[in-house]
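Residue numbering restarts at 1 for every chain, and letters A, B, ... go by the order of the sequence lines.
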There are 2 protein chains.
Amino acid sequence: MALDHAILVSLLEKPGSGYELARRFDRSIGYFWTATHQQIYRVLARMEGDGLLAVREVPQQGRPDKKEYSVAGPGRSALAGWLHEPIEPESLRHDLAVKIRGVAFDDPAALVQEVERHHRAHSDRLARYLAGELRDFTGPDAPAPLDAGQELQHVVLRGGIAYERMTIAWLDDVLATLHRLGGTAPTATA
Amino acid sequence: MALDHAILVSLLEKPGSGYELARRFDRSIGYFWTATHQQIYRVLARMEGDGLLAVREVPQQGRPDKKEYSVAGPGRSALAGWLHEPIEPESLRHDLAVKIRGVAFDDPAALVQEVERHHRAHSDRLARYLAGELRDFTGPDAPAPLDAGQELQHVVLRGGIAYERMTIAWLDDVLATLHRLGGTAPTATA
DNA sequence: GAATACATGTAAGGGGTTACATGATTCT
DNA sequence: AGAATCATGTAACCCCTTACATGTATTC
C-alpha cells in the first residue's frame, strides 16, 4: 500500500495532475518507487473518494484540461500515521538471479548478452542519477544550504546511486564468473 | 511469473515437497526470491496440472505423508525457453525511501528508531549470508573445486552479500543525515 | 503442558501489469 | 504525413498477502 503514501509525499512536495505524477514516477520518484499511469489514476480516484485528496479542475489553452490534486487534511494525517508505524525490511525479487542459478541446467554462455544488457541499463541509470545529483544538490546551480526536504531527497538519491554502483560491480563479477565457466559444459544436468 | 521459474530451478537442484520448497525459500533462495507456502502450494498444483512437474506420493513414518515434486520434460523446456528470453532490469520498490522523503513533512527524529531496526535486520542477514558462504563455498568443509552449479550459486550469494553491505552503509548515511537534521524543525510544512 | 517441526491446503481481498480506448496539439 | 506530448481513463487478468483451517510427532 505504499503507492498511496508515495503519492501523498509527491503531492505534498508539489500538487499536480495524474499525468504529471506519472512523469515524476518515471524520474525522481522512480529511483525508489515505480508506477504506471493506469495505477496512478485509479489510486487518485480512490483517495479522492476517501477524502484524502482535494481536486481542482484546471482549464488549459491548447491542451486538455487537467485535474490538479493536492493533499487534504485527512491525507496528511494518514501519511503521518503511516510514518509512525514500523514496516518490514524489504525482501528481494531478483529475476536475473533466478536465471543465473537456472543456467546451471543450460548453457552459461547464453546469459552473457543478457547480463551485458542489464549492465548497460544500470550504467545508464547511474549516469542519470549522477547528473541529477550534480544539478540539484552538489553542482554550482544547486541551492547553497539545502533545507531539510532537500537533504532528505539527497540521501535517498545517494541510496539509488549506491544501489546502481553495487549492482554494476556485481554484474562485472557475474560476467567474470560466466566467462570462467565458458569452456565447461553444463555439469548439473541431473 | 518468475516464481514458476524459481521453483523449477530449485526442483532441478533437488526434488522436494511444497513444505521443503517453502523452507528453501526462507534460506538459500530467499536472498533473491521470497515466497510463502500458500503461494508455493498453489503454483505447484497449477504446474503439475500443466504437466511441467511430476509428483510422487511418499509415505512417511511418524510424519504426514508428503508429495515429492520433480521437474518433468516440459518443465525443463519451459525453463530453457525462459532463460533465452530477455527480461527487463528490475525496478525498485523501497518503502523506507518513501518514508524518508515523507518525514520532511513530519519529525525526522521519529524515523531514527525505524532506521536502526532496519539496520539491525540487514546486519543479521549479512551475518547469515557470510556464514553460509563460509560453510558452502570458502570454508575448509566446502568442496575443493566447485562445479559450475556451485560457482553460480556462489556468485548469486556474493550479490546478496554486496546488497546487504551496500544497504547497511546507506542506512549509516541515512542515520547521519537524520541526526544532522535533528535540531531543525520540519521546514517543508507547505 | 506448551511450543516447535512437519505437512497441506482454502478463501478473500488487494495491488500490479497489460491491453485497449480516445482525442487535441505540436514538432519533424 | 507521422510521431511525440499532453491528458484521462476502462477492463481483464494475474500475482501476492493475510487470515483461516487441520492434524501428528517431537522436544523442552
As a test of understanding, state which of B/Arg128, B/Arg158, B/His154 forms a side-chain hydrogen bond (donor to acceptor under 3.5 Å, both in side chains) with B/Glu133.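 Testing B/Glu133 for a side-chain hydrogen bond (donor to acceptor under 3.5 Å, both in side chains) against B/Arg128, B/Arg158, B/His154 leaves exactly one candidate, B/His154.
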Nearest to side-chain heavy atoms of [X], which nucleotide of [options]:
X: B/Ser17; options: C/dT8, D/dT18, C/dT18; result: C/dT8
X: B/Arg23; options: C/dT10, C/dT8, C/dC6; result: C/dC6
X: A/Tyr19; options: C/dG16, C/dT18, D/dT8; result: D/dT8
X: B/Thr36; options: C/dA5, D/dA7, D/dT17; result: D/dT17
X: B/Arg42; options: C/dG16, C/dA19, D/dC16; result: D/dC16
X: B/Tyr41; options: D/dA7, D/dT17, C/dT8; result: C/dT8

Does a salt bridge link [X] with [Y], judged by any charged N lying under 4.0 Å from a carboxylate O?
X: B/Glu48; Y: B/Lys67; answer: no
X: A/Arg101; Y: B/Glu13; answer: yes
X: B/Arg23; Y: B/Glu20; answer: no
X: B/Arg180; Y: A/Glu151; answer: yes

Whole angstrom is fine here: how far is it from [atom1] in [X] over to [atom2] in [N]?
X: B/Arg56; N: C/dT8; atom1: CZ; atom2: P; result: 13 Å
X: B/Met47; N: D/dC14; atom1: CE; atom2: P; result: 16 Å
X: B/Gln38; N: D/dT22; atom1: CD; atom2: P; result: 16 Å
X: A/Leu21; N: D/dC6; atom1: CG; atom2: C1'; result: 14 Å
X: A/Arg46; N: C/dG15; atom1: CZ; atom2: C1'; result: 9 Å
X: A/Glu57; N: D/dA7; atom1: CD; atom2: P; result: 13 Å
X: A/Ile40; N: D/dT10; atom1: CD1; atom2: C1'; result: 16 Å
X: B/His37; N: C/dG9; atom1: NE2; atom2: P; result: 10 Å

When clusters are formed from ILVMFWY side-chain contacts under 4.5 Å, directly or step by step, what else is grouped with B/Met166?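 Same cluster as B/Met166: A/Leu92, A/Tyr163, A/Met166, B/Leu92, B/Tyr163.
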Over 12 foreign heavy atoms within 6.0 Å of CD, B/Gln60: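 Count over threshold, so yes.
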Tell me if the centroids of the rings in A/His94 and A/Trp170 come within less than 6.0 Å of each other.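 Yes, close enough.
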If hydrophobic clusters are built from ILVMFWY residues whose side chains come within less than 4.5 Å, do B/Trp33 and B/Tyr41 share one?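 They do not share one cluster, since no chain of ILVMFWY contacts under 4.5 Å joins B/Trp33 to B/Tyr41.
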Proximity to DNA chain D (any heavy atom under 4.0 Å), residues of residues 60-71 of chain B only: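 Residues of residues 60-71 of chain B that come under 4.0 Å of DNA chain D are, in numerical order, B/Gly62, B/Pro64.
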Fit a plane to each ring of B/Trp82 and B/His5, take the angle between them on a 0 to 90° scale, and name the class: parallel (under 30°), tilted (30 to 60°) or perpendicular (over 60°).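 Ring orientation of B/Trp82 relative to B/His5: parallel.
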Contact list for DNA chain C against residues 83-98 of chain B - heavy-atom distance below 4.0 Å: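 Nucleic-acid contacts, sorted: B/Arg93.
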I want to check one thing: is the phosphate of C/dT17, taken as OP1 and OP2, less than 4.0 Å away from some side-chain N or O of A/Gln39?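 Looking at the OP1 and OP2 atoms of C/dT17, one of them is under 4.0 Å from a side-chain N or O of A/Gln39.
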